[in-house]
Each structure stands twice: as structure tokens, then as C-alpha cells.
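In each ligand, atom 1 is the first atom listed, and ligand 1 is the first ligand listed.
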Amino acid sequence: MKRKVESKSASVPAGPPPAGLPPARDAERIFSGLGVSAGVAIGPAHVRETGAMEVPEYPIPADKVEAERTRFADAAAHARKQVKKLKLKAAALPEAAAEEIGYLLDAHLQMLTNSRLIRGVERRILDQRQNAEAAVQAEISDIARGFADMDDLYIAARVHDIRDVGARLVRNLTKAPYQAYSRLPEGSVIIAEELTPAETALMDPRHIAGFGTVLGGAEGHTAIMARSLGLPAVLGVAGLIAGVRSGDTVVVDGTAGQIIVNPSSATLAEYQHRREMLHREQRQLARLRRLPAVTRDGTRITLQGNIELAHELKAVLETGVEGIGLLRTEFMFMNRDDLPGEDEQYHALKPLVEGMGGRPVTVRTLDIGGEKLASSLGGRLTDGVNPALGLRAIRLSLKKPRMLETQIAAMLRAGAHGPLRILLPMVSTVGEVHQVRKCLKKVARRLARRGVAIADPLPPLGVMIEVPSAALAADALAHVTDFFAIGTNDLTMYTLAIDRGDEQVAHLYNPLHPAVLRLIQFTTEAASRARIPLSLCGEMAGDPRYSALLLGLGIRDLSMAAASLPRVKQRIRSLDLVAATRRARLIMDQSDAGRIATLLDDFNALA
Ligand code: PEP
Ligand code: MG
């Protein structure tokens, strides 16, 4: 979802400017957007220019020039090796795709071999003593500028390739993509036109305080990643890039959905106080860790954690969860150009399974496509006409059986170390489940022949209920699967035909729409009739506003980001389930989402 954005200023001056004059550049300015991750961040802004890479720039002393040239030569050699490896992998694709990608990669190889680009970078290091990353960036810009006046589509595509090659060189030089985040002043606030989930995953919350972007919806994966990392964030802020300069002090109010640039001293003091109050509240909520999630009238609710990134395990464990209800495996595929192999995936999963100490871990097969494009080879192949309705999630896995078999093999092996369940994203037909079960058995036989330890018995195989067809066919799906996990993020998107990652329609995205609620209810009833376990792991699970309704609809297992869990537990412990069930029934009789919201909010205000 890339669009050009008009950078009209949407700033609202905090106080009236002198008559007829625009607010001074360094006056306090307030920008509004979607508060997607609660909390307050205060820090110096780092404005990421659109399309620009985070490239460190520094001069090279005369006696280090040779070493810098060698560093660049190594990065270029490594890039050639990567591209050759990609070519080998591409050869396994269907003929037409293999041919096309083959040509593209050949062109990349040429650009990495004694080309104008390579020679130009070497010259810059030698003559201008630029560091290699900055030299690559400058040379790419020069080449692109040279092509800019040629009105030719073929040339335009070549410029794109040159930029791709340049990005690869910079990644190799910095060893990790966007490692430059770590070179920013501590506590920086990132301001960008758009951040992908993969870029967000690289932000270390100990170093980055929060972020704001022009594009992005509240339920897209960048938002989910922000909540996972506990980074205050505001997305969908019109005019933001034009209104902030790197170095400006900014406040990100992720709760109210505001970004305040150059706050006055009174505003700054107020937000510093608010930030301290929030920290205090978090410390108090942490005390709930050892208390059970039980309603006032004694019904036990299972609370599990969602995991986006492996290092979240610690935070999840600290909340006292009963399991991992959703392990999104996309993190293994992000920020890289190749696909992770069986061993690598196994070694990523094993510590998570072991770390949970006997509590179940629900591992979802790869869910890329749609708004979740990994930059790996797989991601590049999924960019269809309408990605959200295209080769996404289980459809992609079934189209690339070797990739699926590799994932399943890693899961089966990790399942030898503790209880593991396999979850399939975006299932829409019973046939898809049959195909995966066949694959599961085949991989298990192969591993057994090799004498490799695997889960015994085979792990339960469940499906996400996140497209309307799955919810409406939940009865049939319940007969062929071992458990359900309701994904309200996609279920809302696909039911209402509203892109969850698009800030322009974010105001229409509403899980309280009666159509969505009926699908949740229908699914819950189907699981109960078939006596299979059901959990809900979409973002609704982590919002205490919805707890009464979800419990009232019969859901007894919720999975959410670690940061959301204490508040949800607190809400559950204050709930009377009989009253919540009565309110849910009343809500299900309504046809208007606004009325439903009022009924729910009134109930929440009372109990
Ligand atoms: C969902 O769609 O609700 C879900 C949990 O999956 P994801 O957000 O990863 O698409
Ligand atoms: Mg989903």
C-alpha cells in the first residue's frame, strides 16, 4: 500500500498565532492522527526522508582509507554471493518466474561487478574519504539523477534496480538493515512517511522512544508491532513530515493520537508528569501477575500471549500467561533476502517452546502477503494485483510446498521439546486443511525415517477464523481441525471490506459492526458444538473495552500482546459474567454499531 502523499500542513497551532500570520516554525504545533500504541514518548525527532536509507556518514582518516576500500570490496563480494544464492533458489520456481527473476538477478550481478557504481564508490572513498555507506548512497543518487531526464520506462526500471543494489550494499556494510537507528541519540522519536512492520521490528525500545508516520492504519502490522514493543506511536498523521525537523523536541501521545512538536514548557511538564503516572500505573498492574484471570462470579478465563519477535518471550512470561496463543513466524522472514532453512527455524522455535516450560505454544505458519510483505524472496513473489485478496498466508504456503514443508518440519522438531500447536492463517476452505494435514503426515514420516525426534503424538492442527467464508463454514471446518483461533483483525477487514492498514478508511474499521459480531458468535457456537477449543487472538482480545462482550459471547480464551494483558486481567477480575452475558445478548439484538458501542460503554462504566 504505497501512495503519494500530499504534504499539506494539517497542524493546529496550540494557541492563536498573531492575526494573519502562520505559526512560527518553532512554536508548539499539534498534529492529530491515530493513536495506535498507548503511552507517552518525549525526545528529539529523527525525520526519515521518504525512500531514503538510514545511512551513517563520517569522514575516513587517511590511514584508514585502504581498510575502508577492503570493507567495501568485502560487502560487494558478499552481495554477489547473496545474488547468486538467490538465483539458485529462483531456479526452483515455475519456469516463467525463474526466467524473469533470473534476468533481473543477472542485471544485479553486473552492477556489482566492476560497474560504474562500484568504480564510483571506490573513487569516493579514495578521493573524498567518504565512508563506504555514504559513498554508495551518493553514487546511487548521482547515477539516478543522470537517468532522471530520460523519459523511458525501461530506464526507469533500471534506476529502481540500481537503488535495490545500493540498498543491498548498504545493508551488507552496516551488517544489519537500518542499524543506523542505533546511532541516533538515545530516546529519539522516529518520524517517517511510512514504516513497514519489518522496519519497526528493528527498533530497540531501550533506544527509540516512539514514532509517528503519515501512512498506516490502527490495525495494520506496524501498529501491532508498536504495541508489541511497547513503543508509543501515532499513525496516519497528515502533514507530519513537512511539520517536523530532525532535532525538534516532540511528544508522541499514543493514547490521544497526537504529536506535539516543539512543546511549550508547560506542555512538556504536563507530559513528563503523565509519563511518570503511566510508569507508576504499569508497576501497579504488574502486581496482578500472580493473580488468576477469574471473573467475580468465579469463571476462570485463559489468558495467553501473542509473540511477534522472539525476544518478547521474557515480557510475555512476566505477565504470567498460560501459553502462547499466537506466535507469528513472520519475524524469521523479515529484513533478509533469502528464506530461513529448517534448522534455522527449529533453532528459533526451540527456545520459545522450552522457555514456556510445558505451557502450550501455538505456532502459526507463515502469513505474508497483503500488507505483510517480507522483503525475502517469498515476499517479492506475493505482490499481486490485490495482495490482500491474493496469494497471502496459507495460499502462498500451499503454492510453495517446499517452504511449507520446511516450516512444518521445524515445528515438528520444536514440538519434541514441549507442547506445540500448529495454526494456519487465512484458511477459507476445508480443502486447505486437508492439504496441510497431508503435508504434515508426509513431513513427519520423512523425519521419522531420518531418526529425528519430533512431537509425539503429532501436534494439534488448528485454523485461524479470519475471513467470512471460514466463519460461515465454521461447522464444516470444526470437523477437520483440532482448534480455532479467531483473528478479528482480518475478520473485520474482510467482512467490512476495509483495509486495516489504510488510515483513510480507519474511521470505518469497527469490530463492533453487527456483521463482525455475528461471525464471532457463529464461530464460537460452532466450536462449542464440535467440542473443539477456541481462542480469540486478534487485537480485540487485548482491549479491555471488549472483554465483557467477548466473555458474554462465550469466549473463554484470549491471546494478546504482553503489554495489554494486565489491563485485560484487571477488567476480567472486575466482571460479573452473568451480567456480561445478559449485556452481550442485548447487544446481539442490535443492528447499529453506534448503539452497540453505547450499550457496551454504558456497561463498562457501571461494572
Ligand atoms: C488477525 O487477523 O486477527 C490476526 C490475529 O492475525 P494477524 O493480525 O497476524 O493478521
Ligand atoms: Mg490475520
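- Side-chain atoms of Glu466 and Asn489 include no donor-acceptor pair closer than 3.5 Å.
- The shortest N or O to N or O distance between Glu539 and ligand 1 is not under 3.5 Å.
- The name of the N, O or S atom in Asp490 nearest to the Mg ion (ligand 2) is OD2.
- For ligand 1, the atoms lying closer than 4.0 Å to a non-hydrogen atom of Asp490 are 1 (C), 2 (O), 3 (O), 10 (O).
- Atoms of ligand 1 lying under 4.0 Å from at least one heavy atom of Met464, given by number and element, are 4 (C), 5 (C), 6 (O).
- Leu477 is not listed as a side-chain neighbour of Thr523, based on a closest heavy-atom distance of 4.5 Å or more.
- The closest donor-acceptor contact from the side chain of Thr200 to the backbone of Thr222 lies at 3.5 Å or more, if one exists at all.
- The ring-ring contact (aromatic ring centres under 6.0 Å, His included) check on Tyr346 picks up His417, with sequence neighbours excluded.
- Under the side-chain contact (heavy atoms from CB on, under 4.5 Å) criterion, Ala38 pairs with Thr255, not counting sequence neighbours.
- Taking each of Leu423, Asn489, Thr492, Asn306 in turn, the one with a heavy atom nearest to atom 1 (C) of ligand 1 proves to be Asn489.
- For Thr299 (side chain) and Thr295 (main-chain N/O), no donor-acceptor pair under 3.5 Å exists by modelled atom type.
- In this structure, Arg421 is positioned above the aromatic face of Phe483, its NZ or CZ under 6.0 Å from the six-membered ring centre and within 45° of the axis.
- Taking the Mg ion (ligand 2) as reference, Glu466 places its N/O/S atom OE1 nearest.
- Distances between N or O atoms of Glu466 and those of ligand 1 include at least one value under 3.5 Å.
- Using a 4.0 Å cutoff on heavy atoms, Met540 does not count as a contact of ligand 1.
- With no hydrogens or angles considered, no side-chain donor-acceptor pair links Ser397 and Gln407 at under 3.5 Å.
- Put simply, no part of Met493 is less than 4.0 Å from ligand 1, judged by heavy atoms.
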*salt bridge (charged side-chain N to carboxylate O under 4.0 Å, His left out) between Glu525 and Arg518, intermediate numbers included*: CA-CA 10 Å; Glu525 287 169 0; Arg518 281 176 196 160; over 6 Å; no
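- Counting the atoms of ligand 1 from 1 in the order shown, those under 4.0 Å from a heavy atom of Asp367 are 10 (O).
- Residue contact check: His221 has heavy atoms under 4.0 Å from atoms 7 (P), 8 (O), 9 (O), 10 (O) of ligand 1.
- Using a 4.0 Å cut-off to heavy atoms of Ile224, the atoms of ligand 1 that qualify are 8 (O).
- Between Arg392 and ligand 1 there is a heavy-atom distance shorter than 4.0 Å.
- Using a 4.0 Å cut-off to heavy atoms of Leu326, the atoms of ligand 1 that qualify are 5 (C).
- Using a 3.5 Å distance cut-off with no hydrogens or angles, the side chains of Arg571 and Ser574 do pair a donor with an acceptor.
- Using a 4.0 angstrom heavy-atom cutoff, Glu219 does not count as in contact with ligand 1.
- Assignment of Arg500 to the shell around ligand 1 is supported, since a heavy atom sits closer than 4.0 Å.
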*Which is it for Asp482 and Arg437 under the salt bridge (charged side-chain N to carboxylate O under 4.0 Å, His left out) test, yes or no, and what are the steps along the way?*
CA-CA 11 Å; Asp482 301 313; Arg437 210 178 275 285; 3.6 Å; yes
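- Shown in contact with Gly538 at under 4.0 Å from a heavy atom are these atoms of ligand 1, numbered in order with element: 3 (O), 5 (C).
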